[in-house]
Structure formats: C-alpha cells, structure tokens
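What follows is one structure encoded as structure tokens, with my remarks underneath.
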Amino acid sequence: MKFKIYPALLTIFFIIIFFVFYKGLQNSNIYTPSADLKKNIPSFKAKIFLTNEKISSEQIFHSDKFYLVNIWASWCVPCRDEHIFLMNLSTQKNIKIIGINYKDNNEKAKIYLNELNNPYDKILFDENGTLAIEWGAYGVPESFLIHKNKIIKKIIGPLNEDLLLEIKKLAE
Amino acid sequence: MLRFLLIVLFILNFSFLNAQENNLNNKITKNLRCLICQGQSVYDSDSEFANSLKLLVEKKLNDGLNEKQIYIYLKEKYGEWILYDPEFNKNTYFLWLLPILMFIVGGAIIFKLFNIKKN
Amino acid sequence: MASLIGFYSLIFGLCVSFLIIFFSIKNFKNSHIFDKKIISFTFLQFFFVIVSFLGLILSFVHSDFSNQTVFNHSHTTKPLFYKISGTWGNHEGSLLLWLLVLTLFIFLFLLKSKNQSKKYRILTLLFQQIIIIGFFIFVIKTSNPFNYIFPVPKEGLGLNPILQDPALAIHPPILYLGYVGTSIIFSSTLAATSLNYISKEWAKHIKQWILISWIFLTLGILLGSIWAYYELGWGGFWFWDPVENVSLMPWLALTSLLHCILVLEKRLVLTSWVVVLSISTFTLSMCGTFLVRSGILNSVHTFANDPERGLFILIFLFCLVFLSLFIFFFFHKTQNKDSNSFFWLSKETSILINNWFMIYFLSVVLIGTTYPIFLEVISSEKISVGPPFYNKLIIPFLIPFLLAMAIGPKLNWIKSDLKKKFYLILFLIISLLLSVIIIKSLNINFLVNTILVTSAFYLFFITLRDFFIKGFKNLSQNLTHFGFSLLILSILFNNIFSTEIITNLKIGETFKTDKYKIIFENIEQKDEQNFKAIIGKFNIENSDGKTEILKPELRIYNQPTIVTSEADIKTNFLVDKFITMNLVQNQDYFNIRYQIKPFMLWIWFSVLLISFGGLISLFKKKYEV
C-alpha cells in the first residue's frame, strides 16, 4: 500500500506545477512597479534649464496644486508624438507642467521647444540622468502626476488621448 | 617527477598577471539589473539607463552610503526586481533553502536506500 | 514554390506517422521478426522533414517574402551565409530543426539496434512517434514556417545583427543534436521499462546514445558561450540567464545518467534511478523549450513570445510527464533490496556521490530559474535571481565535488582500499602549497579561493599523473575529468586575474595609468553589404612595454536599423585583450572599455577536451571485445 502513495503524491505535485505555469503564462511580462502605492516625491536639488541656478524640490512643489512632471529630450522620438497632448494640458489652469530635460544638448533642446512650443511652467536640466532615477524612471518619455507631494499616477511612455482625459479627471 | 616540477614552475610564472583592486562600484553595479535591457547587469550594459545608474551609484558612494544602503535606496525606487542577489526575506526562504533541503534529502536517501557498508 | 513544397512535405511527414503506427502495431502483435518496411517508413518521414527544411532554406536564399517567416527574419542585402543560417534562427525554423533531429535519431536508432528485440524497437519507435506527432501538430497549427502573406512585400524586416555571427549559425544545429537527442533516450527507456528490459545489456546498448547526445550538448553549450563572448561584447561567457540555464539542466541530468549507466553496465543496481533520470532529462529539455518560447521568462535570448504556443507546449509537456509516471509506476519492477549494498570505498559509491552533487546543482539551477514564476503567481511580487545566487550556492559545493572526482576513479568496483596510494596525500599538499603561493599575494578573499584552487589543482594533478602512469587505460574518463579540472582552473584564474579599464576618450586623446597607456588614434568609416562601420584605432601599451593595435567597431545596420558595438579581441595562448567602444549620447567622446582576460582560450579548450573524452568512449566500443 505504501507504494501507491508515491504515484498519487507525484501526480498531485505535477498538477499543481501545471497550474502555476498556466497562470504564469497569463501574467504580463512587462514589469511595471506597483503604481497604486502613493509614494512621496523625491526630495532633490536640480539645475534650471539654460541657467546655472539651482532650485530645490520644496521650492517647486506646493501641496495644494497639481503638477505633471514630464521627462523629455530632443533626441527622443515618442516625445514629439506626445508633445501635442502636453500643449493641450498646459492650457489647464489647475495643472502646472514641470519638464525634466533628460541627457540633452542645450542647443538642440532649445530648437525643439521653439519648433513645438513650450508647455512647461519650469524646466529642470538632468545632465546625466541621475535626477530621473531619483524619480524611479527608466527613460524617456515618462510622466508623473503629483498632488500634495505624492505621486498619484505614473505614466511610462508617451501620453495619448485616454491618458490625457484621465489626467484631467484626476486633477479635478 | 621532472615533468611534474616543470608543470609546477610553469604555473608559478603566472604571478606576473596582477589582480584588479576590489572596486565596490563594480561590485554593486554587477548586482543591479539593467531594467530596460533584456537580461544584463548595469555593469555590463551601455544603455542610457545603465550609464546613469552607474553615475548615481558612484555619487551615493561618495556621499558615504554603504552597499546595503544603496540597495535599499534603489529597492525603494524600483522594487526588488532590480537586485540580482535575492535577499533572504519571507519571499525567498524557499528559494534559498529548497536546494539545501534537496541536498540533505539526497544524502539521506543514498545512505538509507543503498545500505552503505563500512566493513 | 519552395515554400509550397515545404508545407506539403510537412503534411506528408505527419501522415507517414500514422502509417508507421499502423505497421508497427501490426508487427508487434503478429510476427516474430521485425518488419523491415517500418525502417523504410521511418526514413521516409525523415526525408519529408528534410525536404520541408530545404524548402524553407530555399525560400530564405531566394528572399521569397511571400513567406511570412522569411519576411519577418530576412532581407535581400543579407550575406548568403546568414540568409541560410537565418532559417533556423527563428522560432518556426528552429522547430523544423527539432523535427529533423527527432526523425533522424529514431531512424538511426532502428538501424543500429538490429540485435535488440523486436518489441523493444517497436515500442521505442511508438513512443518517439508520440513526440514527433506532437511536434508536427505544434508546427502546423501554431508555428507554421510556410504562412503565406499577400500582398507580397518587396523587402523583409531583416535579421537581428547579433544573430549574424558564425558561431551562432552552427550553435542551434549542434545544440539540438544533443538537446533533442535526449528524446531517443526517453523513448527507449519507456520502452525498456514497459518490457522489463532495464538490464546490463540494455545499459550497454543505450550508453552510446547517451554519449552521442551528451557530446553534442556539451559542444552546443560551448558554442553558445563562445558566441556570447565574441558577439555580445560584455566580455563574459556565462550569465546564468534563463536560456543558458535551460540548456545546462539537461546537461547536468545527462551527465548523471551517463555515470549511472556505467554502474548499470556492470551490476544490476540503480535501475529505478536510471529510469527516473532518463525521463527527467528529456522532460527538462521540453520544460526548457516551454520556458524559452512561451514568453513566461525574461531573457536576452528568448524567441518571439506567444502565450498560445506556450499553452500548447505546456499541455504537451505534461501529457508526456503523466505518460511517463504511468509507465514507471505500472510497469517498473524494482530490484531486490539486498542487491543494493555498496561498500563505502568503491566506485559505485563514488558515482552515487557524483549523482548526489550533480542533482543538487541541477536543483539549484532549476529552482533559481523557475522560482520567480512561482513567486509571481502566488504573491504577485517580482524578484530577480541572478549570478550571485548561483555562485553562492554552487561554488562551496564544488570543493568536495572536485575532490570526489579525483579520488572516485581510483577506487575499484565493489570494494577498494587506499593502501599504497601515498601520492594521493602528497598531491593534496602540493596543490595546497601552490594555491597558497598564488593567492597569498592577491587582494582577494583568501580562504575560499585557496580551497577552491587547491581542489581544482588536486584533480588536475591526479588526472595528469594518470596520463603518464596509466597511458591509454581509461583514457576517456581521464581526459574528461582532466578537462573539467582545467575548466575550473581556467575560470578561476580568469576571474581572479582579469583587469579592466573604463574611460571616456575623444579622438586623439590618451589615457594613462601606471600600467597601461591607451591612445585613441583615429576613426575610419567602412561600408559593408548590410551595415556601415565606424572603426576606432587604438594603440595600447602594456606594462611590459609592448604595444598592440586594437580596432573595435560601431556598426549601423540597415535593416533592422540597429547600432551594435563589435569588440576587437586579440587572442593569444595566455591572454585575451578585449576592447569595446560605445557612443555617449550627445557627447563628442566615446566610452572605451578595455579588458585583459587571461586563459580564455583554455576555457574553450578544456570544454573541447571534455567532449573529446566522450568521443573516445564512443569509439572505444569498436575496439573492445
């Protein structure tokens, strides 16, 4: 009788493994860090774009307003695609857009903004990408919706219609 | 015997190759996953993200943080996925202990089933 | 046209399966003599798969973009060699390679098993046909290499440039001969179990198939590492990446099996364990195929991800697992417990110890690779398991493993003693002294490295001594173990003695340390068939005063538009000099990485020695009575 336990146990064991792999197949493979946790914004000091002035995060973010932090660069192709949505958003009175110019060349960035218009209330200059890492970003473009010094939504990739509507709704 | 000595002498000549200094920055970046690559460490990768992260690690080391603190800092930003050396916490008890368990069980099976005689 | 023939050839191949099954079952029941027709049908099936494979190759060579696979993975400007190798550099084409090896091996098996019983041969064929039919259906239904697209595009999407490399061109065929070859071991083991034929004669017979599979698998893994080293540009050759692990796991199981078969050849013991290992080896191959092709794991080397295909393989895999479980528990007769007595100092026991450690290593790799999947399903947490995990769990156990590897072959079958083997202790002391001298002057962890190097040296000297004293006796085993000691020593010394310089340089600048001087002389541009190259010329002066010119490249491919960094590697007997050059975003300087890597050639050579040892064992049969 003892002998029969092994086949039964093994069969059950393999059935469990099967279901785990089956479930695993259905999970998305793209890693998006838990976006529901409302994390605090990082505390930092950064250079202002095109000047040598330094500014601190406390001076930029006031708790009663909404902010959209947008990481962009002139060499980034999807940034061009999302720019029109940023321009649209800049007309909203209740959201201020803070830009972070990521690993860019000053001249090229200036030309980019002249060509496509400037939706940013302030622009910070992230020369070597370390500021973006403080925000937990991977690259460009990425955007963060901020309120009361907390990140309430993180957007990886360029903005689109749906995301724009969602941001507007959240900012009411 | 002579051949043996010759081999030993040959091997001893390798002392001209000197070892690299232990570089903490390298050690840390080798343990970090490049998050936009398909399976490379930050140390090995030349992507934008990896390069920025290498600079950040150096900056934090200069600020006086030790290895563990840097890992905690990055874990807070990016989650545990960025670390290649899985920590030993409640999520990973089985990960670290199961192989050891297999080893012990294997040894036990061999001893019991195969009646190893010593006489 | 070629694609059309290829497609119908596949269908015919599948149909032949049913012919084979019909005649096999008839022959099984009716006559006493094996029906030679069956071998012809097996060959016919293999022939159809070859025609199908050739059909795909021709479609690639002619750049027939009406074929979806060709469109997705090729381009008119690709060099001919890579047009051909691109055939199996994608998911659909590589599955044709699976079918090729599956049908080839069963055909060869039938040819070479003429002195075996009819029932055994037919059952092996039937089990193999189950696998073959499964793969035919998988290909035709979910991964058809002959899908037609209309309107026919004028140009293809191109092949990923990192796959355009000679080592990668032959890596899949060689690897699959080993990896897929384990199917024949699986099938014949199930057949032998059903017929209660697990015996010494069966062990002698199956040993050659285990060896063939093992040799190709070893070489296949070697080629993969060589490709990674030369092409991927990071200077490493093993990263414990899921796809690498997936090829290593069957290798570990197969090596354990090989050692057990050596015991089974001589004594009727370990029968259950041999069956379990045989089944596990192929199961690991199938499991690996699932992990890599379904998109469930994240890796630099995965094929196109498609959960539908993943589901098919998963179900197929578990059908095979449950079939094996059924046959094992229903048919297998365990041996008498009394015959399972081993004397503690004997070759049998040392082989048991080998298996003990190898299965431990296997479980480390298996758990490390699949654990993230389990964790994510159960708790939605995502973690990474990388090199530090594997190093921590494997390296300490390598020490007793190497020592056992040195002493084990010295023991006799059944019973042994260690009298008159004074040299065993002498060599240990010499190895220890040697390691201490080498490691002492270095700024690294003394204890662990010394003990590791000592055990590796110990195995090295013991096997070396055996070459001189024993000559050609047990040559294959000696060569393989010697190769393994050389591998561990090369990897250890490569790790310990590698140096690296990372710096940013503009054209014309020089970088100096007290040991090296790197002069970035100039860059030149060159146009090739499907890429433009920017070649940097570096003049590097080493501590001994000698200078060398190294020329790393940046390549801008036309289709797909990818920029790759090609390392320039100067190899000599003792050391590799490795340099890569990379663009830095928005800057006018380049990031230069110069590495000095000793003993790289020895790492490749030692694995060749290991395979060669296996090869000798294979041909030794011809000269033995």
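All chains are named by letter (A, B, ...) in the order of the sequence lines, taking the proteins before the strands, and each is independently numbered beginning at 1.
- In this structure, C:Trp240 has its ring center at least 6.0 angstrom away from the ring center of C:Phe389.
- Interface residue C:Leu314: backbone and side-chain heavy atoms are both found under 4.5 Å from chain A.
- Side-chain rings of C:Phe316 and C:Phe138 stay apart, their centers remaining 6.0 Å or farther from each other.
- With hydrogens and angles ignored, the 3.5 Å screen pairs no side-chain donor or acceptor of A:Glu115 with any backbone N or O of A:Tyr112.
- Only the side chain of C:Val321 comes within contact range of chain A, judged by heavy atoms closer than 4.5 Å.
- Counting non-hydrogen atoms of other residues, nucleotides and ligands closer than 6.0 Å to CG of C:Leu323 gives a total above 12.
- Using a 4.5 Å cut-off between heavy atoms, C:Ser380 does not touch chain A at all.
- For a residue to count as touching a neighbouring chain, one of its non-hydrogen atoms must lie under 4.5 Å from one of that chain's; by this rule C:Phe326 does not touch chain A.
- Looking at C:Leu317, there are no atoms closer than 4.5 Å to chain A (heavy atoms on both sides), in backbone or side chain.
- Between C:Phe374 and A:Phe21, the distance separating the two ring centers is shorter than 6.0 angstrom.
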